[in-house]
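These values consider heavy atoms only, across backbone and side chains, with no hydrogens, waters or symmetry-generated copies.
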Amino acid sequence: MPYKCKLKVILADKDIKHGEFANNIGIDKSTFSSIVNNKSLPSFETLYDIVEELRRIDPDIKLGDIWVKE
């Protein structure tokens, strides 16, 4: 996978549980776990929801903060 997900680090820094975040964006916890653990990439809709939820929490977060090219 050419990109690495940094959500684990971001959510830990914000003290947000993965299950709570998954519920907030409306996806299954196992799907979110797969994304966070770099086993799959999110759909465009899910990616949009992730970014929107993170921006609600911290308006300065950018897509480049979430996924970095390996």
Side-chain angles (χ1 to χ4, degrees):
M1 199 174 284
Y3 291 91
K4 184 172 182 175
C5 179
K6 304 293 275 182
L7 277 171
K8 211 181 266 191
V9 174
I10 293 168
L11 295 180
D13 183 54
K14 306 287 183 195
D15 198 31
I16 300 169
K17 298 194 182 313
H18 293 192
E20 174 188 344
F21 192 86
N23 286 336
N24 289 348
I25 62 171
I27 64 171
D28 189 74
K29 293 175 191 175
S30 63
T31 301
F32 189 68
S33 176
S34 181
I35 293 167
V36 169
N37 291 307
N38 294 297
K39 293 182 180 174
S40 67
L41 290 172
S43 67
F44 179 79
E45 182 179 310
T46 300
L47 176 61
Y48 181 84
D49 292 340
I50 289 169
V51 172
E52 286 299 304
E53 180 65 13
L54 286 173
R55 284 189 177 153
R56 186 184 66 73
I57 295 163
D58 181 352
D60 294 328
I61 290 181
K62 298 175 185 73
L63 184 59
D65 298 330
I66 304 166
W67 274 272
V68 294
K69 195 163 185 157
E70 290 187 315

At their closest point, which heavy atom of [X] faces which heavy atom of [Y], and how far apart are they?
X	Y	value
P42	I35	CB-CD1, 3.7 Å
I61	R55	O-NE, 3.3 Å
V36	L7	CG2-CB, 4.1 Å

Drop me the distance from [X]'s [atom1] to [Y]'s [atom2], to the nearest 0.5 angstrom.
X	Y	atom1	atom2	result
Y48	L63	OH	CG	12.5 Å
N23	E53	CG	CD	10.5 Å
L54	I66	CG	CD1	4.5 Å

Just wondering, more than 12 heavy atoms not from K29 lying within 6.0 Å of its NZ?
-> no
* Determine whether more than 12 heavy atoms belonging to other residues, nucleotides or ligands lie under 6.0 Å from atom CD of E45. =>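 Not more than 12 within 6.0 Å, no.
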When the ring planes of H18 and F32 are compared, do they come out parallel, tilted or perpendicular, using 30° and 60° as the limits?
-> perpendicular
Between the main-chain N or O of [Y] and the side-chain N or O of [X], is there a donor-acceptor pair closer than 3.5 Å?
X	Y	answer
D28	S30	yes
N38	K4	no
D65	K62	yes

Quiz prompt | hydrophobic_cluster_shared for I57 and W67, side chain cutoff 4.5 Å | solution = yes
Q. Going by heavy atoms in the side chains, are I10 and F21 under 4.5 Å from each other?
A.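 Answer no - side chains too far apart.
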Is any side-chain heavy atom of E52 less than 4.5 Å from a side-chain heavy atom of I25? no
